[in-house]
Amino acid sequence: MSNSNHWSKEETADFSYTFLAWYEREKRTLPWRENKDPYRIWVSEIMLQQTRVDTVIPYFLNFMTLFPTIKALAEAPEDTLLKAWEGLGYYSRVRNLQKSAIQIMEDFDGKMPQTAAEISTLKGIGPYTTGAIASMAYGLPTPAVDGNVMRVVSRLFEITDDIAKPKSRKIFEETMQDIISRDNPGDFNQAMMDLGSSTCTPKNPSCNLCPVNEFCQSYEKGTVGNYPVKSKKVKAKPVYYVGMIIKNEKGEFLLEKRPTEGLLANMWTFPLFPEEMMTHEVEVPAGGLHEIASEQTQQIVLKQLQEAMTQKYQLHPTFMKRPLPEIKHIFTHLKWFIACYYGQVDQVKLTDLPENCEFVHPENFEKYTFPGPQQKMLAQYQKNIGQKK
DNA sequence: AATGCGGGGCG
DNA sequence: CGCCCAGCATT
């Protein structure tokens, strides 16, 4: 965890002085830095979300020509607006921008609200953008914590909180709250972001050129490379299954016990088959098996289901034509997608079932351990089929 | 806490 | 070419 006391008053003042002097010398000339017009700052900050400065500049200039005021933005026709954003991506940003402009016309008398609390009520403005506008336009000492700032601050104070976790943002906001310049919070925030993009870069930071390296704890210790701590979200690997929900004439369901080792060991599920076994002859839509449009393709899949059931269980179910909507279940390292087919069998001959399989009545399900995916399959069945007769 | 949104840069 | 990036809203 982070320490809560960072620098003495003197060190804090010393840092601000050095840092702001550097910013004054080195800051880039950008169209939205010409003045402190809150509208310009707002639009630029929205455009800069997930978008590089060089990309934003021409869009910003064009946007300001087309919609020079909040009122003009609020009244802009949808197609003109979208056209002005074309190519920037994340189009909900521009829709929210206009929603907020309308909100400002109606609730704030056409003037940008001037407190952090009010600014943050606007659509598309979260914690970062609130801090950016409040500090840059109104001189409020509000942190504006984005990825750059978390990186810089984590190195300055050797903060080990994982910046990939949403709740870590709070730690960095508190740290910024402690060190932000009360005299010039807007430039302080912008200096943080400039430093992060120019010098205190993710890879190969230019510490020897850094204006504040004498304040940097990780630089002093030679541990800059350890920061920020950022967990890689190990992408859960997708695995596709077909689930068989087989009911016999006594109302019992076929359950299968999983192997004694490995994932979900010894737990019970409806039989699961790797999807490829059913679909090696067909193309599966992105949304899963239940989105197969062609009757013919469905028939091929059904035929494969039949063969699989015969081979493994000596059962000959009558299947529904389409599977239930695909179920998702996320493990740490795997993401299961299961398309369940419901089928009925007449035969009650149990002798041919494999040893790890049983027909079980729902009354007795509580005696069996069901893992998450099985709970979801069961719920999906009950929702779609279990009710109706 | 996890996911979708859309481009661009990078290996 | 696929992988990763990162604020915000939504769920």
Side-chain angles (χ1 to χ4, degrees), chain A residues 32 41-60 62-63 81-103 116-136 142-154 161-173 176 189-190 192-194 196-198 200-205 227-238 286-288 325-337 372-373 376 379:
Chain A
W32 48 89
I41 291 170
W42 172 32
V43 171
S44 70
E45 285 300 332
I46 299 298
M47 286 186 172
L48 287 164
Q49 289 168 5
Q50 280 76 49
T51 313
R52 307 171 66 79
V53 167
D54 293 333
T55 308
V56 165
I57 291 172
Y59 281 93
F60 177 82
N62 181 49
F63 199 92
L81 200 60
L82 278 172
K83 192 72 189 167
W85 209 267
E86 187 180 55
L88 262 188
Y90 283 107
Y91 297 94
S92 66
R93 289 187 297 176
V94 71
R95 296 198 182 89
N96 284 334
L97 205 53
Q98 187 177 46
K99 272 188 205 160
S100 290
I102 293 168
Q103 197 180 337
E118 287 176 323
I119 292 168
S120 68
T121 65
L122 299 172
K123 276 268 181 245
I125 298 188
Y128 164 76
T129 310
T130 298
I133 296 173
S135 64
M136 294 176 204
T142 322
V145 174
D146 69 351
N148 285 319
V149 172
M150 288 196 281
R151 184 172 61 255
V152 173
V153 171
S154 73
D161 295 73
D162 183 353
I163 68 165
K165 301 231 184 289
K167 70 172 185 178
S168 295
R169 192 177 46 81
K170 221 178 120 230
I171 304 288
F172 291 96
E173 281 176 351
M176 281 292 286
N189 279 335
Q190 293 186 81
M192 275 279 165
M193 293 182 271
D194 277 16
S197 62
S198 68
C200 197
T201 50
K203 286 180 227 168
N204 308 317
Y227 299 93
V229 173
K230 185 176 180 185
S231 64
K232 277 192 226 157
K233 34 190 155 197
V234 272
K235 250 245 190 79
K237 200 178 128 194
E326 197 167 50
I327 286 164
K328 269 185 292 189
H329 186 85
I330 300 165
F331 300 96
T332 316
H333 56 302
L334 294 175
K335 192 170 182 179
W336 279 14
F337 295 87
K376 289 179 188 172

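Lettering of chains follows the sequences in order, A, B, ..., and the numbering in each one begins at 1. Note that the structure is a prediction, hence the values are computed from the model and not measured.
Rounded to the nearest Å, the gap between the P atom of B/dG11 and that of C/dA6 is 14 Å. For the P atom pair drawn from C/dC1 and B/dG6, the interatomic distance equals 23 Å after rounding to whole Å. B/dG8 and C/dA9 are spaced 23 Å apart, taking the C1' atom of each and rounding to whole Å.
Summarising the geometry, the separation between CD1 on A/I46 and P on B/dC5 is reported as 19 Å, rounded to the nearest angstrom. Taking atom CG of residue A/D162 and atom P of nucleotide B/dA1, one finds them 11 Å apart after rounding to whole Å. Residue A/K123 contributes atom NZ, which lies 15 Å from atom C1' of C/dG7 at whole-angstrom precision. Taking atom CZ on A/R52 and atom P on C/dA6, their separation rounds to 11 Å, with Å as the unit. Rounded to whole angstrom, the span from the CZ atom of A/R151 across to the P atom of C/dC4 amounts to 18 Å. For A/L97 and C/dA9, the CG to C1' distance is 15 Å, given to the nearest whole Å. Rounded to a whole Å, the NZ atom of A/K203 is 11 Å from the C1' atom of C/dC3. Between A/Q50 atom CD and B/dG4 atom P the separation is 16 Å, expressed in whole Å.
With hydrogens and angles left out, the side chain of A/Y90 and the base of C/dA6 share a donor-acceptor pair within 3.5 Å.
Nucleic acid contact for A/L88: none, since no nucleic acid atom lies under 4.0 Å from a heavy atom of the residue. Within the 4.0 angstrom heavy-atom criterion, only backbone atoms of the sugar-phosphate kind lie near A/Q49; the bases stay farther away. A/P202 comes within 4.0 angstrom of no nucleic acid atom, judged by non-hydrogen atoms across all strands.
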Legend entry - Criterion side chain to side chain contact (heavy atoms under 4.5 Å, CB included) on A/M193 and A/V53, from CA distance to verdict: CA-CA 12 Å; A/M193 293 182 271; A/V53 167; over 6 Å; no
Inset, instruction - Would you check, one step at a time, whether the test side chain to side chain contact (heavy atoms under 4.5 Å, CB included) holds for A/W336 with A/I327? - result: CA-CA 8 Å; A/W336 279 14; A/I327 286 164; over 6 Å; no
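Proximity of A/T129 to the phosphate of C/dC8: a side-chain N or O atom is located under 4.0 Å from OP1 or OP2.
Using a cut-off of 4.0 Å between Lys/Arg side-chain N and Asp/Glu carboxylate O, A/K170 and A/E173 are scored as not salt-bridged.
In this structure, A/Y91 and A/K165 both approach DNA chain B, and ranking their closest nucleotides by distance from the 5' end singles out A/K165. Residue order along DNA chain C, read from the 5' end via each residue's closest nucleotide, puts A/K230 first among A/S120 and A/K230.
A donor and an acceptor atom, one from each side chain of A/E45 and A/Y128, are located under 3.5 Å apart.
Between A/W32 and A/L48, the closest side-chain pair of non-hydrogen atoms falls below 4.5 Å.
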